[in-house]
Amino acid sequence: MSHTTTSSGPAHAAPTDTRGRHAVVTKAALFVAGCILLILAAANLDHLGEWSQRWGQVPVFLGFFLLMSIAGRWFWTGADAILAKVGSQ
């Protein structure tokens with residue numbers, strides 16, 4: 001089996017177009033945003049009881065669950081991209 005190369009380099013070279021750069025920047029921003037949201041959620045865990053008395057248990061639970069789901073998804077999207085980049089080198 002032969003390996004194909006083009007005039008711009010090997011087929012597995014990093015993308016140089018703006019779409020590839022945009023994807024990398026987006027995933028890095030999602031990683032940072034996910035980390036910040038997870039840290040903020042952890043820092044405010046002691047307020048959940050107060051919030052549930054003020055606004056009700058169900059809305060607080062659903063809001064916290066939604067926040068943690070989004071933060072976790074963003075964190076792992078960025079973490080997967082970082083691990084893939086490190087693993088490819």
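Predicted model, so just to flag it, every value in this text is computed and none were measured.
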Is there a path of hydrophobic side-chain contacts, each under 4.5 Å between heavy atoms of I, L, V, M, F, W or Y residues, that connects Ile39 with Phe31? no
Donor-acceptor pairs are to be reported for all side-chain atoms of residues 62-79 against protein atoms at under 3.5 Å, with residues two or more places apart or in another chain.
from, atom 1, to, atom 2, distance (Å)
Ser69, OG, Phe65, O, 2.8
Thr77, OG1, Arg73, O, 2.8

By the rule that ILVMFWY residues connect when side-chain heavy atoms come within less than 4.5 angstrom, directly or transitively, which residues belong alongside Val24? none
Roughly how far, to the nearest 0.5 Å, is CD of Gln57 from CG of Leu48? 11.0 Å
Can you tell me how far the NZ atom of Lys85 sits from the CD1 atom of Ile82, to the nearest 0.5 Å? 11.5 Å
According to a 4.5 Å side-chain heavy-atom criterion applied to Ile, Leu, Val, Met, Phe, Trp and Tyr, with indirect links allowed, do Trp51 and Leu38 form part of one hydrophobic cluster? yes
Would a single hydrophobic cluster contain both Val86 and Leu83, if residues Ile, Leu, Val, Met, Phe, Trp and Tyr are joined by side-chain heavy-atom contacts under 4.5 Å? no
